Amino acid sequence: MIIQPASHLKGTLSIPGDKSISHRSIMFGSIAKGTTKIHNFLMGDDCLSTIECFRKLGIDIEMHNDHILVHGKGLHGLEPAAEILDCGNSGTTTRLISGILAGQPFTSTLTGDASIQKRPMKRIIEPLRQMHAAIEGKDDNFCPLTISPSTLEGICYTSPVASAQVKSCVLLAGLYANTPTTVCEPALSRDHTERMLSAFGAIIERKDKCVTIYPNPELEAMEVVVPGDISSAAFFMVAGLIVPNSKLILQNVGINPTRRGILDALLAMGGRITCFNERELCGEPVCDMIIESSDLHGITIEGDIIPTMIDEIPAFAVAALFAHGTTIIKDAKELRVKESNRIDTMCHELGKMGAVIRPLEDGMIIEGNATLHGAILESYDDHRIAMSLAVAALKATTPSQILNSECIRISYPHFFEHLKAVSTEA
Ligand code: S3P
């Protein structure tokens, strides 16, 4: 994909469905009784991987133009898959489905693409084994994972990482355990599992950073309307702030407190972002946003805000390049185990464009007031790297080329069309 420098951005975009919530709607719909109807489902490759896995587990899932129907068979209705479950590029599919499979009376094997095979699974293997799950992985840490039948015991697990995938995996296994299961985390990660699973009928209690689930609930099908994904909106939030003379309206953006860190961080930098039309959609807060070009200043982000914006840090780093002063990102070591090592990939590629950006073990130091030139940029097959670099390229003095940019299909298949629709070339 060739990205031309932009003179300004103008227009209105309807933000595609949230990836995390779309995954969960298929998973929970499959283990609930009855037909779950899903609107604004994200037709990205990751969510399609989840659909394919549950189809292989015997669930009939109908895809229509404007909705999806999941014909759920209840908590104990899944059937053994005839083949290996392919989770593609999706960490959420791999880790959440493992929790469900740990409770099944049949053996399953799951794997994914080259990136998924490098991502750490010890973080779910350990708590699942504490629950007496029979789970084996390559080198005890990687896909393929094989999960065999066992009798699960509830546990109280203190997770060393603030990870919604780990938390959700353990809670889903907890549905099938003999006794209640509690997960505590060092900082609150996204809580979509807790919100949606409760709406399906699970009994879940939260106390500070701990959440308890009670086993064997009656899960009932429901109608789900998926809010727009703030992780996808983030690219246009940053683009609208850094490209001069811009005004964008982003419709239907999810602003769940455990996801809105990017909004708070950009506001703290002086970003002119106005949320209006605040409402609730399926138990999730949502708003429309006006984004206007802004004079940003550098800030430090660290601690509890990091898990609430973990996927948006590559886009945030681009905003920091065009702020006055230095921006420091700390406590974000998790970036090293995402679809790519996002600390190294962002520093390397932005460095090619002339950015002054230094990697830290757990973050980055970014010098503002940057002048970027166009370059040939590598996506590392990481959708969020491709889109963050595209945003940086809007502010370069010459055009850039992004290699292997088709990976955006994972989370935002129409990203380049949306970008073209709102940008005017310099
Ligand atoms: C996700 C949780 C986060 C996030 C990922 C989606 C989820 O991962 O980075 O894109 O849907 O639960 P971790 O749980 O590894 O932090």
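Both counts, for ligands and for their atoms, begin at 1 and track the order of listing. Any value given below was found using the heavy atoms of this structure, including those in side chains, with hydrogens, waters and symmetry copies removed. Because the structure is a prediction, the values reported are computed rather than measured.
- Using a 4.5 Å heavy-atom cutoff, the side chains of Leu110 and Ile84 are not in contact.
- Ionic pairing of Asp304 and Lys209 is present here: one or more N-O contacts between side-chain nitrogen and carboxylate oxygen are shorter than 4.0 angstrom.
- The shortest N/O to N/O separation between Val166 and ligand 1 does not fall below 3.5 Å.
- Residues Glu136 and Ile147 fail the side-chain proximity criterion, which asks for heavy atoms closer than 4.5 Å.
- The protein non-hydrogen atom at the shortest distance from atom 11 (O) of ligand 1 is Ser20 OG, 2.7 Å.
- Given atom 4 (C) of ligand 1, the protein heavy atom at minimum distance is Asp311 OD2, 3.3 Å.
- Contact annotation for Arg190 and ligand 1: only side-chain heavy atoms (C-beta onward) come within less than 4.0 Å of the ligand.
- Close N/O approach between Ser163 and ligand 1 is found [any backbone or side-chain N/O within under 3.5 Å].
- In the candidate list Lys338, Arg119, His23, Arg123, Lys338 is nearest to atom 13 (P) of ligand 1, counting heavy atoms.
- The proximity of Arg24 to ligand 1, defined as any non-hydrogen pair under 4.0 Å, is limited to the side chain.
- Between Cys184 and Cys210, the sulfur-to-sulfur (SG-SG) separation falls under 2.5 Å.
- When each atom of ligand 1 is checked for a heavy atom of Thr92 under 4.0 Å away, the hits are 1 (C), 6 (C), 7 (C), 11 (O).
- Near Ala164, meaning under 4.0 Å from any of its heavy atoms, are these atoms of ligand 1: 12 (O), 14 (O).
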